[in-house]
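Contents: one structure, followed by commentary.
All residue numbers in this chain count up from 1 along the given sequence. Just follow the structure's listing: the first ligand is 1, and inside any ligand the first atom is 1.
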Amino acid sequence: MSLRKSASTMKKNRPVVCVFCGSSHGAKPQYAAAARALGRLIAERGFSLLFGGGGLGLMGETARAVRDGGAPVTGIMPQFLRRIEQPPEWEKELVVTPDLQLRKTRMLELSDAFVVLPGGAGTMDEFFEVVTSASLGVLPKPIVAVDTDGYFAPLDKLMKHIVAEGFARPEIFSFYKLVETPEAAMDAIAEQLGLLARD
Ligand code: AMP
């Protein structure tokens, strides 16, 4: 599917939430439960989902919950990952990019807001990509990380260490929020986008 067609299909008056999360399930069932809860809320509150396109792990959990809630789901994936991350067979909208870098660029362009769930090195790469882009003034969009079961406590500690040691200004904390639940994430996004939360 072409990028332009996909973007117009996604929009349909729905803000686009990009979810970055693990292509694995992680060690605790709470991670998948939070991914499903987030997916349900994205659909219930009238948003659409843009995600990495894979059917595996928390990515698949989130996408299925959005689809089951009746909202549009668009995946975006480099060609070489199609065999590895296995787009679900029901996924009608899959944007294919030549490489990982272009995938991230397109995700940043097409999304109105970003939610980060627990994940591995790929998710951390995506978290730092959006936070650094926002802090450099080229991504004026809400970014929220959901701290399921304290998963992001070490990241929070690292960010505070970076600031304490003088490698970033405290303003970096104004470019993302760390919240405890998917509900709080969607509330924060709705508030920052100037939308009324839709129950
Ligand atoms: P992970 O959190 O490691 O399970 O990865 C989550 C997603 O990030 C997967 O779709 C990966 O393909 C993707 N990913 C992994 N490494 C990178 C990278 N260096 N740049 C962009 N995306 C990546």
Side-chain angles (χ1 to χ4, degrees), residues 1 3 6-7 10 16-39 42 48-67 72-111 113-136 138-139 141 143-159 175-176 178-179 182 185:
M1 169 170 294
L3 190 59
S6 167
M10 263 193 303
V16 178
V17 173
C18 176
V19 176
F20 295 131
C21 61
S23 54
S24 310
H25 276 92
K28 296 178 185 160
Q30 291 94 312
Y31 301 140
R36 288 191 290 269
L38 177 68
I42 288 171
S48 64
L49 173 72
L50 179 68
F51 82 121
L56 307 172
L58 301 190
M59 294 167 72
E61 298 287 349
T62 308
R64 273 188 293 278
V66 175
R67 188 273 316 250
V73 172
T74 299
I76 180 160
M77 182 181 276
Q79 180 64 34
F80 78 92
L81 272 184
R82 287 178 84 167
R83 278 189 319 280
I84 303 165
E85 295 197 347
Q86 302 167 16
E89 72 294 337
W90 52 263
E91 191 173 297
K92 297 192 184 72
E93 295 190 65
L94 182 69
V95 178
V96 178
T97 62
D99 56 41
L100 280 168
Q101 282 64 36
L102 214 50
R103 174 208 234 177
K104 265 193 307 193
T105 303
R106 296 292 184 244
M107 289 174 111
L108 270 54
E109 283 170 3
L110 292 172
S111 305
F114 302 87
V115 178
V116 186
L117 296 179
T123 303
M124 295 303 135
D125 174 86
E126 289 158 337
F127 169 80
F128 283 107
E129 177 80 23
V130 288
V131 169
T132 51
S133 299
S135 67
L136 292 170
V138 294
L139 188 73
K141 300 178 182 181
I143 303 164
V144 186
V146 182
D147 190 25
T148 306
D149 209 39
Y151 181 76
F152 286 121
L155 176 64
D156 190 37
K157 199 170 168 190
L158 174 63
M159 294 303 288
F175 295 105
Y176 70 95
L178 197 56
V179 300

Shortest protein heavy-atom distance from atom 16 (N) of ligand 1, along with the residue and atom involved
G122 CA, 3.6 Å

For ligand 1, indicate whether the residue D125 contacts it via side chain, backbone, both or neither (heavy-atom separation under 4.0 Å).
side chain

Please tabulate, for the side chains in residues 17-32, all donor-acceptor contacts under 3.5 angstrom to protein atoms that are two or more places apart in sequence or on a different chain.
{"residue": "H25", "atom": "NE2", "partner": "E61", "partner atom": "OE2", "Å": "2.7"}
{"residue": "K28", "atom": "NZ", "partner": "D149", "partner atom": "OD2", "Å": "2.8"}

So, regarding G119 and ligand 1 (criterion: nitrogen or oxygen to nitrogen or oxygen, under 3.5 Å), is there a contact or not?
no

Would you name the heavy atoms of G119 and Y151 that are closest together and state the gap between them?
O-OH, 2.5 Å

What is the nearest protein non-hydrogen atom to atom 6 (C) of ligand 1, stated with its residue, atom name and distance?
C21 O, 3.3 Å

Got the closest protein heavy atom to atom 4 (O) of ligand 1, with its distance?
S23 OG, 2.6 Å

How does E85 reach ligand 1, if at all, at less than 4.0 Å between non-hydrogen atoms: by side chain, backbone, both, or neither?
side chain

So does A113 get a backbone contact from the side chain of S111, meaning a donor-acceptor N/O pair under 3.5 Å?
no

Does the pair R67/E93 count as a salt bridge with the N-to-O cut at 4.0 Å?
no

Between E85 and R103, is the salt bridge (Lys or Arg N to Asp or Glu O under 4.0 Å) condition met? List the steps.
CA-CA 14 Å; E85 295 197 347; R103 174 208 234 177; 3.5 Å; yes

Report yes if the distance between the aromatic ring centroids of F114 and F127 is under 6.0 Å, otherwise no.
no

Is there a polar contact, in the sense of an N or O pair closer than 3.5 Å, between L100 and ligand 1?
no

Considering both backbone and side-chain atoms of R103, is one of its nitrogen or oxygen atoms within less than 3.5 Å of a nitrogen or oxygen in ligand 1?
yes

